[in-house]
Number of protein chains: 2
Amino acid sequence: MVSYMGETNRSGGDASQVQSVDRALSVLDLLAKHGELGVTELAAELDVHKSTAFRLVTALDRRDLVQQIGDRGKYRLGLGILRLAAATTGRLEVSHEGREVCERLANELGETVNIAIMEDDAAVNVLQEYGNASVMTRNWIGRRTPLYATSSGKVLLAFADETARKAVLESTLEPLTDNTTTDPQQLLRELDEVARRGWACTSEELEIGLTALAAPIRDGGGRVAAAVSASGPSFRLTPDSFEEVAEKLVAGAAEISSRLGYYGA
Amino acid sequence: MVSYMGETNRSGGDASQVQSVDRALSVLDLLAKHGELGVTELAAELDVHKSTAFRLVTALDRRDLVQQIGDRGKYRLGLGILRLAAATTGRLEVSHEGREVCERLANELGETVNIAIMEDDAAVNVLQEYGNASVMTRNWIGRRTPLYATSSGKVLLAFADETARKAVLESTLEPLTDNTTTDPQQLLRELDEVARRGWACTSEELEIGLTALAAPIRDGGGRVAAAVSASGPSFRLTPDSFEEVAEKLVAGAAEISSRLGYYGA
DNA sequence: CTGATTTGTTGCGTCTTGCACAACGCGAAG
DNA sequence: CTTCGCGTTGTGCAAGACGCAACAAATCAG
């Protein structure tokens with residue numbers, strides 16, 4: 001059982017292997033969430049003494065993972081993070097090849113466009129481009145989302161090998177909203193439908209008010225390696241717009257696929 | 001005094017504030033450098049016991065900063081890094097606006113193109129696009145490089161406010177190669193030249209065999225906020241090609257500047 | 001198939017080291 | 001000037017991180 005939506009799960013749950021490391025990583029998460037925080041604020045959030053928070057943040061500072069704003073000011077995430085991220089995306093070809101198409105789709109659709117890959121029992125977004133719509137959407141990158149409740153997840157699952165499909169279908173499908181598909185039989189039918197028509201949609205199954213559509217991206221070997229999705233508020237992504245949006249997503253996905261060396265039928 | 005080129009400075013130097021955190025960050029650096037490493041290899045690199053390395057990497061794994069490849073396999077950087085990176089680039093507008101131009105420049109020039117910003121006494125690359133030239137270049141993102149020995153640095157310094165310029169000119173200019181400018185007077189002359197003609201170049205001043213050119217990027221307020229640079233092997237970026245390359249860089253920089261809202265003279 | 005070697009994993013006891021406390025320096029605000 | 005709040009730093013104690021060693025699960029040699 002792997003946890004989803006890995007937010008700051010501080011001070012709760014199972015024993016962390018190394019306390020101080022865990023706390024340091026909480027500092028990073030907190031800074032990612034809040035932007036800028038002072039030592040005192042961090043200490044309060046972590047529920048530790050000021051001096052402890054200070055030493056943690058200093059250790060991170062020396063490695064450039066955080067940076068101090070003034071000389072005695074608040075802290076925020078540092079540019080050292082980018083070095084690590086560059087090494088991470090280096091092995092994700094789709095992240096390079098997909099950016100331009102995603103940017104174009106985000107502009108055309110006016111919605112947030114993501115590319116997600118499957119990792120264990122989760123869909124993880126590895127690239128996000130914001131549409132110019134005024135409604136701010138959250139940052140989904142790097143967050144584990146359940147395969148059965150997201151459009152990308154359904155696409156990835158629909159074209160996954162039997163082992164992965166079975167694992168999810170036999171696991172307990174926890175309801176995240178009232179609309180979440182929790183019945184394995186119905187999920188299976190939905191997946192077949194997705195595989196047939198070539199795109200997936202989820203309406204308020206992950207989060208109330210959120211609707212998303214997704215299409216499969218294939219790599220050089222023809223295997224579905226990722227999914228491109230558009231997500232936005234349900235009042236804008238209405239069912240009668242699905243066909244049009246899906247068409248654009250499928251076309252975009254095809255273009256990315258061809259960049260990855262897929263020229264198949 | 002801030003250290004440059006923050007590689008894995010493990011087991012050496014000043015007392016780190018929190019040992020285990022420092023070691024954990026070393027793990028991340030090592031994985032960024034080597035791609036995939038096992039517990040035993042990590043333990044050897046860190047010079048700690050196997051079990052210690054295991055616990056560190058497990059703590060990182062729980063937060064998705066690293067991921068294990070098989071069920072009992074090696075480890076590599078995880079996608080959680082991307083979440084942090086997205087939060088970091090969120091406040092770097094130039095990183096968004098500059099990508100497309102950098103990609104085009106990298107293709108046109110066939111060299112690696114970077115965008116760097118000034119942070120304290122260093123130039124830090126925040127975006128990198130690879131040219132299609134066969135000579136592989138290293139990943140420079142997030143690495144602190146000295147302002148006086150890089151083309152981006154000279155650009156940033158040439159247009160910086162007096163305080164920052166003075167701080168660097170009065171510091172000791174450590175020679176990194178035989179070609180590094182170590183005389184403050186000469187550096188000052190070079191900076192004036194850069195400001196006059198609008199671009200900078202460095203040949204083997206940071207690293208033997210490496211030549212780079214850079215041009216200034218201005219933000220909406222007209223302030224030089226970043227620099228775009230092209231870097232490649234000295235045998236390809238020869239002095240007689242400087243004018244041509246610089247012209248393209250300056251044009252690209254101007255385009256990025258206009259995207260940032262700079263329409264000035 | 002079997003034994004040997006290697007690698008990831010885990011309980012345990014000890015001593016390292018991370019932590020809470022408190023005091024200090026420095027700004028800002030009143 | 002005083003007060004308050006902030007980031008920063010020495011210090012002593014015990015929480016907890018680490019090294020040891022044994023275990024488990026692969027991989028390989030024969």
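The analysis underlying the following values was restricted to heavy atoms, covering all of them including side chains, and did not include hydrogens, waters or symmetry mates. Naming: A, B, ... by sequence-line order, numbering from 1 per chain. Every value quoted in this text rests on a predicted model; they were computed, and no experiment measured them.
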Should A/Gln19 be listed as having a side-chain N or O under 4.0 Å from OP1 or OP2 of C/dT17? no
Rounded off to whole Å, could you give me the CG-to-P distance for the B/Leu56 and C/dG18 pair? 11 Å
Please check: side-chain N/O of B/Gln128 versus main-chain N/O of B/Arg138, any donor-acceptor pairing under 3.5 Å? yes
Quick tally for nucleotides 5-10 of chain C: nucleotides whose base has a protein heavy atom under 4.0 Å get B, sugar-phosphate-only ones S, the rest -, giving --SBBB
Estimated bend of the helix from C/dC1-D/dG30 to C/dG30-D/dC1 (axis per five terminal pairs, rounded to 10 degrees): 40°
Quick one: which of A/Arg165, A/Lys166, A/Arg144 gives a salt bridge (Lys or Arg N to Asp or Glu O under 4.0 Å) with A/Asp121? A/Arg144
Would you say the side-chain atoms of A/Asp64 pair up with the backbone N or O of A/Gln67, donor to acceptor, closer than 3.5 Å? no
Under 6.0 Å from the ring centre and within 45 degrees of the ring axis: does the NZ or CZ of A/Arg218 meet both conditions for the six-membered ring of A/Phe159? yes
A/Thr52 side-chain N/O to C/dA20 phosphate OP1/OP2 under 4.0 Å: yes
For residues 69-82 of chain A, dump all side-chain donor-acceptor pairs below 3.5 Å to protein atoms at least two apart in sequence or in another chain.
unit_1	atom_1	unit_2	atom_2	d
A/Lys74	NZ	A/Glu41	OE1	3.4
A/Tyr75	OH	A/Gln68	NE2	3.2

Spell out, as yes or no, whether a donor-acceptor pair under 3.5 Å connects the side chain of A/Asn125 to the backbone of A/Leu127. no
Under 3.5 Å, is there a donor-acceptor pair between the A/Ser151 and A/Ser229 side chains? no
For B/His49 and B/Ser51, indicate whether the former's side chain and the latter's backbone hold a donor-acceptor pair under 3.5 Å. yes
What's the CG-P distance between A/Leu42 and C/dA20, to the nearest Å? 14 Å
Rounding to an integer number of Å, can you tell me how far B/Asp22 CG sits from D/dC18 C1'? 16 Å
